[in-house]
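I have placed the structure first, in the form of structure tokens, so that the comments after it can refer back to it.
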Amino acid sequence: MQTNDVVLRIENLRKLFPAERKIFGKVKLFVHAVDDITFEIRRKESLALVGESGCGKTTTGRVLVGLEEPTSGRIVVEQEDVTPLLYEDESAAKRYVRETYVKRFSSMSDQQLKSLTGIDAVYAQRFLDLGKNEAKFVDEMLQNRRERVWQMRRRIQMIFQDPYESLNPRMTIFDIVAEPLNIHGVGNLKEREELVAKMLFDVGLTPPETFMFRFPHELSGGQRQRVAIARALILNPSFVVADEPTSMLDVSIRTGVMKLMMRLAEEHQMSYLYITHDLAVARYMSNDIAVMYLGKIVERGPTEEVLKNPLHPYTQALLAAVPIPDPEMKRGEPNIKGSVPRPINPPPRCRFFDRCPYAVKFCEDNDHPPLKEVAPKHFVACYVVAGEAS
Amino acid sequence: MLKFLGKRVLQIVILLFIYVTVVYWLIEAMPGSFVDQYLLNPKLTPEIRENLKRQFGFDKPAHIRYLIYMKNFLTLDLGISFSYFPTKVTTIIAERLPRTVFLFVTSTLVSYVLGYSLGKRAAWKRSGILDKTTTFVGIVFWTIFLPLLAIFNIWLFGVILKILPLNQFIDPNLWKTAPLSAQTIFIRLLLTALVFLIVFLIALLISNRLKTIPAKKTMLYTSSITTIVVSIVIWILSGYSIYAWDIIKHMVLPVLTLTLYSFAGSMLVMRDTMLDVIREDYITTAKAKGLPDNVVRDKHAARNALLPLVTNFVISLGFTVGGGIITETMFSWPGIGRAYLEALNTQDTPLLIGLLVFTGIFVLIAHLVADVLYAVLDPRIRY
Amino acid sequence: MLLSVRDLRMYYRTKMGYVKAVDGINFDLDQGESLGIVGESGCGKTSISMTILRLLPDNAEFKTGSVLFDTGNGPVDLVKLPESEMRKYRWRGISMIFQAAMNSLNPVYRVGDQIIEAIQNHFPDMPLDKAREKVAELFTLVGLDPSRMDQYPHQYSGGMKQRAVIAMALACDPKVIIADEPTTALDVIVQDRILKEIRKIQKKLNMAMIYISHDIAVIAEVSDKIAVMYAGKFVELADAVTVFKRPMHPYTYGLMHAFPSTVGEKTELVTIPGEPPNLLNPPKGCRFAPRCPKADSVCLDVDPKYREVEKNHFVACHHPVQPKEVVRFYAD
Amino acid sequence: MTEMVVAEPLWKIRLKLWVRSFKTGWELFKEKKLALFGLGVIIFFAIFGLLYPLYPMIMRNLFWKDDPFGYQTFMPYDPIIGFDPDIVSHPSPPSLRHPLGTDPLGRDILSMIMYSTPREFVLGITAALITVIIGTIIGASAAYYGGVIDTFFMRLADIVMLFPSLALLMVLSAFMELTLFRLALIMGILAGFGSITLVLKAQALTVKVRPFIDAAKSTGASDAYIIFRHIIPNILPLSFLYMMFNVTGAIFTEAVLSFLGLANIRMSWGVIIQMAESSGYLMGASIGTYWWLWLPAGVCITLLCSSFYFLGRGLEEIVNPRLRKR
């Protein structure tokens with residue numbers, strides 16, 4: 001398996017929101033929205049991020065497209081560390097580069113540097129090429145930052161949940177779809193018109209000229225979501241974050257949009273992160289699935305495998321709770337206590353401890369369990385399942 | 001709550017200091033000054049000129065005077081008026097304030113009660129006859145040229161119907177032989193109103209504890225009527241009732257004018273918010289519970305629509321001064337507004353600053369009261 | 001029959017004409033029975049409950065039909081009652097669990113007081129402490145701590161509000177409860193608990209229930225009978241298993257196959273082409289015809305009658321789907 | 001299929017769209033009888049004011065045919081220096097020569113009123129335009145940026161709102177000659193930094209959190225692009241609405257200032273009433289006798305003010321979906 005096949009890699013991503021507002025003094029309470037998550041997506045593949053509301057799945061998506069700054073962690077897109085580009089503030093980006101690379105690299109010998117793997121190897125090589133000059137390295141990492149931020153924005157796009165709110169009601173469909181072209185200065189007016197028309201045709205809004213100069217409120221929910229997809233894809237991104245794009249659509253419309261997304265991903269050689277609360281939808285939309293709970297990924301693996309054989313008690317409960325469209329099918333009781341707490345400064349133990357039916361002393365005394373591969377490509381963050389506690 | 005109030009008070013104090021400073025320098029920068037009028041007199045000797053300047057504080061540079069002013073301000077001393085020399089500004093305000101406040105509190109209360117009950121009814125039966133007429137009449141009065149309304153009222157009630165005095169605060173002929181000054185009687189009237197208000201509030205508190213709705217109503221009505229009757233009897237027994245009646249008679253026209261002018265403001269706000277609230281799901285729930293229409297309207301809809309009205313009330317207090325200047329001029333009512341106009345004409349700087357500062361304090365306190373009211377009215381707000 | 005709705009029609013008046021939101025609805029409901037009405041947004045399913053309770057906005061126009069409600073001493077037609085009489089049947093006869101429970105509690109009153117208000121409205125003689133006892137009982141019944149009755153709605157979580165709303169619906173011992181999307185805004189685990197709770201209470205009190213939802217899986221969990229609604233009309237009504245196992249209307253068929261499931265084989269999902277019609281001027285003939293793979297010229301022309309094809313299986317279709325028949329919907 | 005070209009040039013399509021949305025707006029607007037009434041009155045006043053130059057001409061030709069003093073030099077219907085020497089005592093009640101009578105100086109009241117009308121429009125609209133431009137930009141930026149910028153402008157608004165605007169204008173009148181244009185400018189600026197920013201900011205905040213802003217941001221749109229392309233177009237209807245209300249406010253304030261004799265405006269409706277007041281015709285029992293001195297001008301102020309207000313309310317029901325009827 002080649003590493004450059006990986007389109008997106010997220011390492012130890014963490015995003016904390018201050019839970020209290022203070023004018024003076026340091027904020028002590030944080031909402032751990034996303035807490036140390038790691039995953040990667042290969043070309044043409046897709047990952048579904050599943051969880052209940054407030055588990056941090058949307059925040060993850062928003063960090064990826066630059067709508068939130070990460071608190072810590074590294075995000076690599078197509079062999080390029082884009083994390084420095086996600087910080088609005090240049091000094092924050094600089095600090096990131098120093099913390100992540102310079103500090104580590106300067107304490108290593110040449111030998112050690114050469115033995116690094118993955119994305120680190122690429123940057124270690126640059127570091128060596130620059131004669132271990134720290135300042136130069138930082139400069140190079142940040143050179144053309146504005147330009148590269150620009151480029152990155154083109155490569156990662158997002159589709160939003162609410163088709164009624166994600167299109168500006170005062171713009172025509174043409175203006176909405178052409179907006180990314182506009183911002184990035186692609187083509188002249190004529191070319192843009194053609195591009196938009198072609199895109200609208202691709203998303204099934206045919207004939208395009210009847211849709212181009214309508215306003216969003218003249219379209220149905222399904223049509224609007226198609227417009228949103230057209231807007232996201234018009235710059236030909238290599239990666240799309242889809243935040244529950246079908247959850248507000250009716251069933252008879254939903255499958256059309258789901259199929260459209262899959263077809264376009266195929267055609268455009270695109271990978272996507274599919275954020276959803278609906279396990280059944282995730283099953284159809286993704287190769288891999290990652291279940292999130294309170295900012296942590298608790299289980300990850302190939303979709304069918306996870307759904308057939310859920311290992312983490314939370315995944316089991318979630319699956320048991322999904323109603324089945326078949327009155328003869330009896331499903332199990334979700335084996336879970338209490339309700340989802342707010343992740344404000346959570347105690348250093350398994351996040352699921354308070355609600356877990358299998359919790360033992362070991363779980364209480366140790367940190368949140370790391371993801372462990374228990375079956376091929378099937379990872380679980382649970383001491384009990386992994387056999388480390390009983 | 002206390003922490004929030006503390007923070008809010010601090011904010012208000014800062015705001016007030018900025019405001020006072022701006023006001024001070026603004027007025028200070030006004031071309032010409034009170035003393036100039038005397039200094040023009042060529043007969044004055046240099047000593048007298050110097051004396052005059054010293055007396056009014058013009059011998060010191062402006063920034064020193066500002067510091068002195070601020071120091072005095074901290075001790076609630078607003079200086080000495082020029083045109084009423086040597087009366088203190090605070091004394092003048094203290095004399096004028098009750099009249100203005102009484103005028104405005106009465107008309108504001110009446111117009112808010114009117115606006116509240118009309119607004120909620122108009123919204124409830126949207127596009128009905130009541131809605132259409134109140135909206136039309138309300139807006140016409142709301143945008144009417146206030147002096148026109150005043151003139152018209154004087155004309156109608158004073159000249160044609162001859163039932164009310166044209167203007168002035170009191171009838172001078174009657175008061176020539178009065179045993180007490182008009183101000184004293186006036187203050188006593190104010191106190192009576194205050195007592196009534198307190199009794200009403202207590203009755204409201206008690207009635208809230210009562211269980212059935214008829215009991216609540218009886219409690220409120222009996223206590224209100226008893227207080228009114230008792231106070232009227234006391235006034236008659238005291239023998240000052242003709243004087244009090246004279247004052248009240250003089251108040252009717254300005255209060256009427258102000259009420260007509262301002263009720264639409266609260267009515268429109270109430271109506272618009274009600275329209276908003278009526279769409280809420282809990283209104284449908286209340287109806288589905290089988291509650292009678294008027295209960296749904298008053299208890300569920302109007303109660304929730306009350307909040308923006310409070311904000312509106314506070315903002316409207318800010319306009320008190322503007323409306324006051326016009327109304328008091330039209331009716332020769334010797335209140336704050338008139339004092340302001342006089343001070344402006346005579347360039348009585350300390351009085352001018354004092355009045356502006358005072359209104360600022362007034363509005364800021366109203367803001368604070370609104371914050372507290374908000375917390376009382378909306379359980380979701382916990383500071 | 002506890003509740004029997006016949007040929008109910010209610011239109012909304014708009015500038016462009018009438019929106020035929022409820023257009024000839026028929027169904028019966030028995031004691032202890034639960035009926036699920038499933039349909040897409042804008043098909044008029046919520047309007048049915050509002051028409052039955054007569055909580056319609058000003059621009060709604062009741063056209064025809066009757067809602068016979070058995071009060072215990074003979075049925076009354078709710079649509080013919082004067083408003084003051086109707087008020088007595090609201091909540092005491094038929095109560096509701098509203099869509100978006102978050103908003104159906106008045107934010108400025110304590111939750112308990114809002115329930116007491118409903119009780120005292122229908123039982124004016126009940127003293128306050130009795131009413132409070134009743135509320136405490138209800139709270140326990142729906143799984144809420146009775147000590148929370150003196151809290152305000154904003155102090156409740158989403159699931160708790162939903163429970164409070166259920167408790168409120170039960171306050172006057174109604175014979176029928178209409179639950180309109182009772183769990184739509186909730187997460188699956190909470191949804192699962194609430195649904196089970198409602199089901200349990202319904203069994204215990206032997207009440208009749210009408211569930212309204214767009215989510216066919218939720219309806220499948222809780223209903224004995226299922227009605228499928230499309231563009232203001234019922235297209236199919238039968239007991240739950242039949243609707244799922246042997247749907248006869250092509251729309252129902254498509255719906256069943258468009259719904260992804262977490263269990264069983266991963267089958268190809270069906271896409272029903274097109275969009276639901278605008279109820280302002282719905283197509284002549286069958287309203288589903290423009291989207292239907294089985295439609296022919298008759299379908300486009302004649303509105304199919306809603307008829308009993310088999311015993312207790314009502315369908316409005318000229319060409320019902322036959323057993324073992326596979327309907328092919330053309331994709332995208 | 002790739003040769004998808006739109007048949008018409010873009011600007012034509014946009015023009016059509018604009019016309020169409022105007023038409024739908026008009027359809028909605030037509031329903032509001034009060035707003036129609038307001039619009040009618042405003043149009044009436046606009047024509048009334050524009051016709052002013054004709055009035056002295058016609059009147060002179062009617063009543064001053066034989067020209068004892070010389071047509072060219074003597075202008076009996078001039079609103080400022082006019083005087084009718086044929087009438088013995090001024091103010092004179094309405095007559096054929098002077099449909100609304102004359103004022104104590106012998107000037108024709110109708111002529112004064114007509115002359116003032118365009119000025120009222122200019123004043124009201126200028127002031128309101130300034131207010132709304134300032135308010136919209138500040139409101140949108142404060143909402144978008146938040147933080148220090150927001151705090152600064154909001155505190156500024158607090159202080160501006162603390163000042164009773166009429167009292168402040170009265171003080172300012174001591175500083176400078178409040179000519180029509182200066183007055184409009186000052187009123188516009190004062191109102192622009194005041195409460196309107198709060199309202200528009202609140203509106204902009206609801207726009208700011210909507211996902212299409214996020215969509216534009218994630219594509220790399222600049223702050224200015226988002227503010228001007230997304231936020232402002234969405235609060236513009238509300239701004240326009242407030243403009244109507246501000247016209248009312250400006251005309252009213254000018255009239256009051258003129259009435260109190262504090263503005264340096266040669267002729268306006270307020271000045272006409274002030275004239276009556278300062279020469280003692282509003283005192284006591286004589287009020288009703290000399291009604292033409294104050295009633296026509298007062299009615300004009302009221303009518304124009306309420307018309308703009310009615311218009312604003314009508315537009316509000318169109319612009320503000322929460323007030324719209326279901």
Side-chain angles (χ1 to χ4, degrees), chain B residues 11 14-16 18-19 22-23 26-27 29-32 126-127 132 135-136 139-149 151-152 154-156 158-160 166-167 268 272 275-276 279 315 318-326 329-330 337 340-341 344 347 352 355-356 359-360 363-364 367, chain D residues 33-34 37-38 155 158-159 161-168 170-176 195 248 251-253 255-256 259-260 262 269-270 273-274 276-277 282-289 291 294-295 297-310 313 316 320 322-323 325-326:
Chain B
Q11 235 175 38
I14 294 171
L15 213 57
L16 188 65
I18 298 174
Y19 176 76
V22 174
V23 165
L26 193 74
I27 305 289
M30 262 166 76
R126 187 173 185 185
S127 300
K132 282 184 175 147
T135 312
F136 183 80
I139 289 180
V140 170
F141 277 126
W142 180 236
T143 51
I144 202 168
F145 187 51
L146 188 51
L148 180 73
L149 183 62
I151 299 170
F152 191 80
I154 295 173
W155 183 30
L156 185 66
V159 180
I160 299 193
L166 300 183
N167 46 28
L268 294 176
D272 293 354
L275 287 179
D276 226 5
R279 293 171 173 212
I315 292 175
F319 295 117
T320 305
V321 181
I325 294 170
I326 304 168
T329 311
M330 297 308 296
Y340 186 77
L341 201 60
L344 194 72
Q347 295 229 318
L352 212 51
L355 287 168
L356 274 177
T359 24
V363 174
L364 282 174
H367 277 265
Chain D
K33 294 286 174 281
L34 287 182
F37 164 76
R155 291 294 88 81
D158 279 350
I159 292 174
M161 279 161 68
L162 212 51
F163 277 99
S165 60
L166 190 65
L168 187 63
M170 285 163 74
V171 171
L172 288 179
S173 74
F175 278 84
M176 57 182 107
S195 61
T248 302
I251 294 177
F252 184 87
T253 311
V256 169
F259 172 71
L260 295 174
L262 293 170
W269 294 339
I273 303 180
Q274 195 248 339
E277 215 246 348
L282 292 188
M283 284 294 154
S286 63
I287 285 183
T289 328
W291 58 268
W294 51 271
L295 194 64
V299 167
C300 282
I301 297 168
T302 309
L303 258 181
L304 193 60
C305 282
S306 40
S307 296
F308 273 106
Y309 205 87
F310 278 128
R313 293 276 305 178
E316 186 164 24
N320 204 341
R322 71 188 183 89
L323 291 178
K325 235 180 150 178
R326 277 171 294 199

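The shown structure was predicted, so the numbers you read here are calculated from the model rather than taken from an experiment.
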Classify the ring geometry of D:Phe259 against B:Phe145: parallel below 30°, tilted from 30° to 60°, perpendicular beyond 60°.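 Geometry flag for B:Phe145 against D:Phe259: perpendicular rings.
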What heavy-atom pair brings D:Leu162 and B:Gly360 nearest, and what distance separates the two atoms?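 What the structure gives for the nearest pair is CD1-O, 4.1 Å.
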Taking all heavy atoms of D:Val299 and all of B:Leu148, pick out the closest pair and write down the distance.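 Smallest interatomic distance, heavy atoms only, reads N-CD2, 3.9 Å.
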Does the side chain of D:Asp158 reach to within under 4.5 Å of the side chain of B:Tyr19, using non-hydrogen atoms?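 Contact flag for D:Asp158/B:Tyr19 side chains = no.
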Evaluate the side-chain proximity of D:Arg313 to B:Leu268: yes if any heavy-atom separation is below 4.5 Å, no if none is.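 Side chain of B:Leu268 against side chain of D:Arg313, heavy atoms only: contact under 4.5 Å found.
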So, D:Tyr309 side chain and B:Thr143 main chain: donor-acceptor pair closer than 3.5 Å or not?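 No, D:Tyr309 side chain to B:Thr143 backbone: no donor-acceptor pair under 3.5 Å.
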Heavy-atom pairs under 4.5 Å with chain B - which of D:Gly298, D:Cys300, D:Ser307 has more of them than the others?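 Among D:Gly298, D:Cys300, D:Ser307, the one with the most close pairs to chain B is D:Gly298.
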Under a 4.5 Å cutoff for heavy-atom pairs, which residue among D:Met170, D:Lys33, D:Arg155, D:Glu277 has the most contacts with chain B?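 Winner by heavy-atom pair count: D:Met170.
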Mind ranking B:Leu344, B:Ile139, B:Leu156, B:Ile18 by heavy-atom pairs under 4.5 Å with chain D and telling me who comes out on top?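 Of the candidates given, the most pairs with chain D belong to B:Ile139.
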Using non-hydrogen atoms and a 4.5 Å limit, figure out which bit of B:Ile144 sits close to chain D: side chain, backbone, both or neither.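 The answer is both parts of B:Ile144.
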For side chain to side chain contact (heavy atoms under 4.5 Å, CB included), just list the numbers for D:Leu166 and B:Ile326, CA-CA rounded to whole Å, side-chain angles, deciding distance to a tenth of an Å, and then say yes or no. CA-CA 10 Å; D:Leu166 190 65; B:Ile326 304 168; 4.3 Å; yes
Interface moiety of D:Leu260 toward chain B, non-hydrogen atoms closer than 4.5 Å: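 Side chain of D:Leu260 only, per the 4.5 Å heavy-atom cut-off to chain B.
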Could you look at D:Ile251 and say if it's the side chain, the backbone, both or neither that has a heavy atom under 4.5 Å from chain B?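 Contact with chain B is absent: no heavy atom of D:Ile251 under 4.5 Å.
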For atom CZ of B:Phe152, decide whether the heavy atoms of other residues, nucleotides or ligands shown that lie under 6.0 angstrom number more than 12.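 Not more than 12 within 6.0 Å, no.
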Under the side chain to side chain contact (heavy atoms under 4.5 Å, CB included) rule, what do B:Ile151 and D:Trp291 come out as? Steps first, then yes or no, please. CA-CA 10 Å; B:Ile151 299 170; D:Trp291 58 268; over 6 Å; no
Taking side chain to side chain contact (heavy atoms under 4.5 Å, CB included) as the criterion, tell me which of B:Leu26, B:Val22, B:Val23 meets it with D:Leu168.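 Going through B:Leu26, B:Val22, B:Val23 one by one, the side chain to side chain contact (heavy atoms under 4.5 Å, CB included) with D:Leu168 is satisfied by B:Leu26 alone.
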Taking ring pair (Phe, Tyr, Trp, His ring centres under 6.0 Å) as the test, write out the residues that go with D:Phe308, two or more places apart.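 Checked D:Phe308 against ring pair (Phe, Tyr, Trp, His ring centres under 6.0 Å); zero matches.
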